[in-house]
There are 2 protein chains.
Amino acid sequence: MFGPVSVGRISEVIVEQMRLLMREGKLVPGDRLPSERSLCERFGVSRVTVREALRVLEASGLVEIRVGARGGSFVTQPSSERIGEGLAELMTLTPMTAGNVTEARMVFELGILPLVVERATEEDIADLRALVEQGLSALDSGSYTMAMSAAFHVRVASSTHNPAIEMLVQSFHGPMLMSLQQARVAAPLMGHLGAQEHFQLVEAIEQRDVDRARAIMTRHLQRTAARVAEDQDPSLANLESGH
Amino acid sequence: MFGPVSVGRISEVIVEQMRLLMREGKLVPGDRLPSERSLCERFGVSRVTVREALRVLEASGLVEIRVGARGGSFVTQPSSERIGEGLAELMTLTPMTAGNVTEARMVFELGILPLVVERATEEDIADLRALVEQGLSALDSGSYTMAMSAAFHVRVASSTHNPAIEMLVQSFHGPMLMSLQQARVAAPLMGHLGAQEHFQLVEAIEQRDVDRARAIMTRHLQRTAARVAEDQDPSLANLESGH
DNA sequence: TAGCAGTAATGGTCTAACCAATACCCTCAG
DNA sequence: CTGAGGGTATTGGTTAGACCATTACTGCTA
């Protein structure tokens, strides 16, 4: 008959209220929240409590906090980075290897190809061509980066015109970049061969040739996977080359 | 020559230190952190600062906080739920529909089937059979839940013996459950037809028949997808049935 | 006009205290 | 001897008020 009158933490209530405002579109990316002191008054709580709520929102990637005059809490555009970070964290905290993630990525990037081939517009293909061009010239000048490769793969995914798929592929590339960059394999990973495969992939997409696209992507990703595995556990690579 | 002496927030330093300890395995799931007051002394900071750090760790899903005597902060087992939550949040905060997520899920769950068929052990298959049995009897008694369906699909994914894949499929089912349960479509979604398809899928896996498995899963997921689309925007479903 | 110092707004941190929830222990009655 | 009850210590949750550090603007001065 008489239910509990308190519902856990006050800061949590504030967090939920903020989340709700964002979902409802009453708070949109770029908006500036009232200052901490204002929020105290409005919610009728102390500043510490407001600050804890803001910390949670910040950790959730929903707001960004800047200090100084004209500073404050700003609603951020939610991005796939958060999911990517979560994935990376899981990778480091659970028995999950870079190879595992690479395999998952292969499954996904191969699986979307039928959708890509079916739905890619002329604009998509033009963008992909441009990225290939950039990659080639960057290769010539020796300034090719993993980020450029990632951008290409993400652009391929976005050609499905499914934001969920695009975000997932983006999420995969975050941890991938991290684990590869720190392992100084950025440069040799992507040779002219890789760039050539990118080019061929775009062609296959343009010709709406699913099978060829799959074949190219399979080869392309398998070479990447081999590199990751080798980097993950060099002893295995040596074993293999020794046979 | 003289670099900055301060490096942003103190609480952030503490968070990083904790994260490091977890990565290094010096803190494992189940461990209890010292009390807030102890941490204050050890770090030489105030309780407010320690609490902000704990809030961030809690929001990141790394610790769980309990009040009362013998309470405190406990290191948690990182799970895929966090990623699922992130996905769900992105779904509500960006122009991303349940249909988009369902499509991504279809791509993924279909894509892993070759791996499942290749790697499923006898134990995997026995577990799957058990889940099918449970589902059938639950159906008879009218107690079938979405969670049971999710469990089956996750178990299929775990038969790839790739934790990354398992976690991703788990992540997909979180938001899916949420959006479906709240839409009161739990019961009619899974009829005897669905259960039968589960059964057939297990058979195909046992016979190492990739093509058949794909065919069954495609049909199975497409019916789910149709339900989601219909639920997402009933007007569309009406339109279609009106033609 | 350019540069610089002052100033106000804002987040970051600290202190000290009290409240609320919880588990343990000790006492006392049966 | 055993069970129930309350007391108590531990721990997180919250408050109030203060001070510091950073930052952008403003207006003065050379």
Side-chain angles (χ1 to χ4, degrees), chain A residues 1-19 21-22 27 29-76, chain B residues 2-19 21-22 27 29-77:
Chain A
M1 179 137 104
F2 299 102
V5 82
S6 162
V7 276
R9 274 195 284 240
I10 298 179
S11 62
E12 209 52 45
V13 177
I14 297 180
V15 169
E16 270 321 304
Q17 195 158 332
M18 299 281 204
R19 278 211 167 98
L21 288 174
M22 292 182 196
L27 282 177
D31 281 1
R32 178 175 179 279
L33 300 183
S35 74
E36 293 182 355
R37 289 168 176 89
S38 303
L39 288 173
C40 296
E41 293 177 14
R42 303 202 194 197
F43 287 117
V45 300
S46 80
R47 214 177 132 205
V48 178
T49 305
V50 168
R51 283 175 61 76
E52 290 197 353
L54 289 175
R55 272 297 163 299
V56 172
L57 290 172
E58 189 188 28
S60 306
L62 295 176
V63 303
E64 178 193 342
I65 294 176
R66 296 202 281 269
V67 300
R70 302 290 179 216
S73 314
F74 297 83
V75 179
T76 57
Chain B
F2 299 103
V5 81
S6 161
V7 275
R9 275 194 284 239
I10 297 179
S11 61
E12 208 52 43
V13 177
I14 296 180
V15 168
E16 270 321 304
Q17 196 158 333
M18 300 280 203
R19 279 211 165 96
L21 288 174
M22 294 183 195
L27 283 176
D31 281 2
R32 177 171 178 278
L33 300 183
S35 73
E36 294 181 353
R37 290 168 175 89
S38 303
L39 289 172
C40 296
E41 291 177 15
R42 302 202 194 197
F43 287 118
V45 300
S46 82
R47 220 179 129 203
V48 180
T49 305
V50 168
R51 283 175 60 76
E52 291 199 352
L54 289 175
R55 273 295 162 298
V56 172
L57 290 172
E58 190 189 29
S60 305
L62 295 176
V63 304
E64 178 194 343
I65 295 176
R66 295 202 282 268
V67 300
R70 303 294 180 208
S73 314
F74 297 82
V75 179
T76 58
Q77 180 83 45

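Lettering of chains follows the sequences in order, A, B, ..., and the numbering in each one begins at 1. All values derive from a computational prediction rather than experimental measurement.
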Roughly how far, to the nearest 0.5 Å, is the [atom2] atom of [Y] from the [atom1] atom of [X]?
X: A/L33; Y: A/R42; atom1: CG; atom2: CZ; value: 9.5 Å
X: B/E16; Y: B/S11; atom1: CD; atom2: OG; value: 11.0 Å
X: B/D31; Y: B/M22; atom1: CG; atom2: CE; value: 9.0 Å

| said: Using a strict heavy-atom distance below 4.0 Å, which residues from residues 62-70 of chain A are in contact with DNA chain C? | reply: A/I65, A/R66, A/V67, A/G68, A/A69
| query | At their closest point, which heavy atom of B/I65 faces which heavy atom of B/S73, and how far apart are they? | reply | CG1-OG, 4.0 Å
| query | Looking only at heavy atoms, which two atoms of A/C40 and A/S46 are closest? And how far apart? | reply | SG-C, 3.8 Å
Whole-Å distance between [N] [atom2] and [X] [atom1]?
X: B/F74; N: D/dT11; atom1: CZ; atom2: P; result: 10 Å
X: B/I10; N: C/dG11; atom1: CD1; atom2: P; result: 18 Å
X: B/E41; N: C/dC14; atom1: CD; atom2: P; result: 14 Å
X: A/E36; N: C/dC14; atom1: CD; atom2: P; result: 15 Å
X: B/R9; N: D/dA21; atom1: CZ; atom2: C1'; result: 14 Å
X: A/F43; N: D/dA16; atom1: CZ; atom2: P; result: 16 Å
X: B/R32; N: D/dT11; atom1: CZ; atom2: C1'; result: 8 Å
X: B/R37; N: C/dC18; atom1: CZ; atom2: C1'; result: 10 Å

| Matching residue for B/T49 among B/I14, B/L39, B/V13 - test: side chain to side chain contact (heavy atoms under 4.5 Å, CB included) | B/I14
| said: Of the options C/dT10, C/dG12, D/dG13, whose atoms approach the side-chain atoms of A/R47 most closely? | reply: C/dG12
| Residues within residues 48-61 of chain B bordering DNA chain D, heavy-atom distance below 4.0 Å | B/R51, B/R55
Could you pull out every donor-acceptor pair under 3.5 Å between side chains of residues 52-64 of chain B and any protein atom, sequence neighbours left out?
| from | atom 1 | to | atom 2 | distance (Å) |
| --- | --- | --- | --- | --- |
| B/E52 | OE1 | A/R55 | NE | 3.3 |
| B/E52 | OE1 | A/R55 | NH2 | 3.2 |
| B/E52 | OE2 | A/R51 | NE | 3.0 |
| B/E52 | OE2 | A/R51 | NH2 | 3.2 |
| B/R55 | NE | A/E52 | OE1 | 3.3 |
| B/R55 | NH2 | A/E52 | OE1 | 3.2 |
| B/E58 | OE1 | A/R9 | NH2 | 2.7 |
| B/E58 | OE2 | A/R9 | NH2 | 2.5 |
| B/S60 | OG | B/R19 | NH2 | 3.2 |
| B/S60 | OG | B/V56 | O | 2.8 |
| B/E64 | OE2 | B/R66 | NH1 | 3.4 |

| Considering residues, nucleotides and ligands other than B/R70, do more than 12 of their heavy atoms fall under 6.0 Å from its CZ? | no
